[in-house]
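Remember, it's 1-based here, ligands and their atoms both numbered in the order they're listed. For reference, positions follow the sequence shown, starting with 1.
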Amino acid sequence: MYYIHRSSKRLRDFDSSVFQKIFQKQQTLKNPIDLSVGLPEGPTPQYIKDAGIQAIQNDLTEYTPANGIPALREAIASKLLEDNDIAIDTTDITIVPGLTTGLLMVYLAVLDPGDEVMVMDPSYPPYHYLVPIADAVLKRVPTLPNFQLDLEAIQANITDKTKLIVINTPNNPTGAVYPKEDLVKLAEIAKKHNILIISDEMYESFIYEGSHFSIGSIYPNTITMNGFSKAYAMTGWRLGYVTGPTEIIKAINQLQQYAVFCSSSIAQQAALAALSRPTLPRDSYAKKRQLVKDSLEKAGYDVQGNDGAYYTFFKTPQGQKDIDFAAKAADHNLLLLPGRAFSTEETYVRLSYGGTIETVQRGLDIITEITNQA
Ligand code: PLP
């Protein structure tokens, strides 16, 4: 005899089905041209795979400290100093099983009921979807149409309840890169109002013009998050790291102890090896980025952002709904993501050019073909 149990109220309206639907759609199409998911080009490099295999062979398969193995935290501290100008103690770094989980842990560690979290619109979906899970209040600040930070709107949305501002540069889904001057101004605003910043720098190595600037280098009340999924093509290994103010990292570690116990010991050894060499080369991404820009512009689209990461977020023709345009693309065997997963706007789609240049080219040809179809 089964009783009907309902899910918690917290999750009753929780909807992450956009991604599930895409995965289902992938199964139904024969060899789809997939420009939907955010996978980097190619598999995990061999030297990283070897390190993972070695870890298993050497029986490095036991629990690790909740905050990760010291050697990995040391390597991350050196990387942060060298690449990001962030000088941080290894105890102020914690290893997490991917940034997505890391974000949830940060939210749970810093937010009290009623606290406000400012998230840019559009943005990576967990930023906004996970806010209510922490009983906090979401404030979305538009970055449309150029996808840059609107510092005035950010100022205007600050209240005495604002606890966090979440930023992501280079950006998913827009490819925008925030200039240093804006990040400096944002840091000044945050400082004035004593607000914490979360800076997700997952795509820092995918930058095609200018260079990456970490706001954590000038504003200590920053929680800098980064990981291995994109820079080293390790999406399925599930590993990332969070660094920031000591008290917050301590709280995350307390939570990690019972929420995950530790991240995979094997993935940690592989990540340690990953950091011994530079991130994946960008040349092919730079070519694809230009190809996407040129083709979309030729087809009549206004291309904004597109300066970093490997995404382009563009407005559908004639105000078509994102889901209708994505469905039309799917009828032509092309997968794109409807913009509503990222935004309150429903007339954008996201294109990922993480795949091979041939795949991207085929996808762009289809977009050109369907652009003028009603
Ligand atoms: N942050 C951003 C901005 C992303 O786009 C993604 C994945 O697409 C992630 C984090 C996910 O990171 P992880 O694989 O470490 O969970």
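For Tyr127, every heavy-atom contact with ligand 1 shorter than 4.0 Å involves the side chain, none the backbone. When heavy-atom distances to ligand 1 are checked against a 4.0 Å cut-off, Met225 has no atom that comes that close, whether in backbone or side chain.
Of all atoms in ligand 1, numbered sequentially from 1 with element shown, those under 4.0 Å from a heavy atom of Asn168 are 3 (C). Ligand 1 places these atoms under 4.0 Å from at least one heavy atom of Thr100: 11 (C), 12 (O), 13 (P), 16 (O).
Of the protein's non-hydrogen atoms, the one nearest atom 4 (C) of ligand 1 is Tyr203 OH, 3.5 Å. Looking only at heavy atoms of the protein, atom 7 (C) of ligand 1 is closest to Lys230 NZ, 3.1 Å. Atom 1 (N) of ligand 1 has as its closest protein heavy atom Asp200 OD2, 2.6 Å. Of the protein's non-hydrogen atoms, Tyr124 OH, 3.2 Å is the one closest to atom 11 (C) of ligand 1. At the shortest separation from atom 14 (O) of ligand 1 among protein heavy atoms lies Ser229 OG, 2.6 Å. Regarding atom 15 (O) of ligand 1, its nearest protein heavy-atom neighbour is Leu99 N, 2.7 Å. Atom 12 (O) of ligand 1 has as its closest protein heavy atom Met202 CE, 3.1 Å.
Relative to the six-membered ring of Tyr47, Arg277 meets both conditions, a distance below 6.0 Å and an angle of at most 45° to the axis. With a 6.0 Å cutoff to the six-membered ring centre and a 45° limit on the axis angle, Lys328 does not count as a cation-pi contact of Phe325.
Tyr310 and Tyr203 share no donor-acceptor pair across their side chains, judged by distance under 3.5 Å alone. One side chain, Lys315 or Thr347, offers a donor N or O that lies under 3.5 Å from an acceptor on the other.
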> Passes ring pair (Phe, Tyr, Trp, His ring centres under 6.0 Å), Tyr63 versus Phe261? Steps please.
Replying inline: CA-CA 8 Å; Tyr63 293 130; Phe261 218 80; 4.7 Å; yes
>> Before you tell me yes or no, could you show the steps for Lys79 and Asn84 under side-chain hydrogen bond (donor to acceptor under 3.5 Å, both in side chains), namely the whole-Å CA-CA distance, both residues' side-chain angles and the distance that decides it to 0.1 Å?
In response: CA-CA 7 Å; Lys79 182 248 173 261; Asn84 307 93; 2.7 Å; yes
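Counting heavy-atom neighbours within 6.0 Å of Gln257 CD, excluding the residue itself, gives a total above 12.
Ser199 is linked by a side chain to side chain donor-acceptor pair (under 3.5 Å) to Glu201, counting only residues two or more places apart in sequence or in another chain.
Residue contact annotation: Gly98 has a non-hydrogen atom under 4.0 Å from ligand 1.
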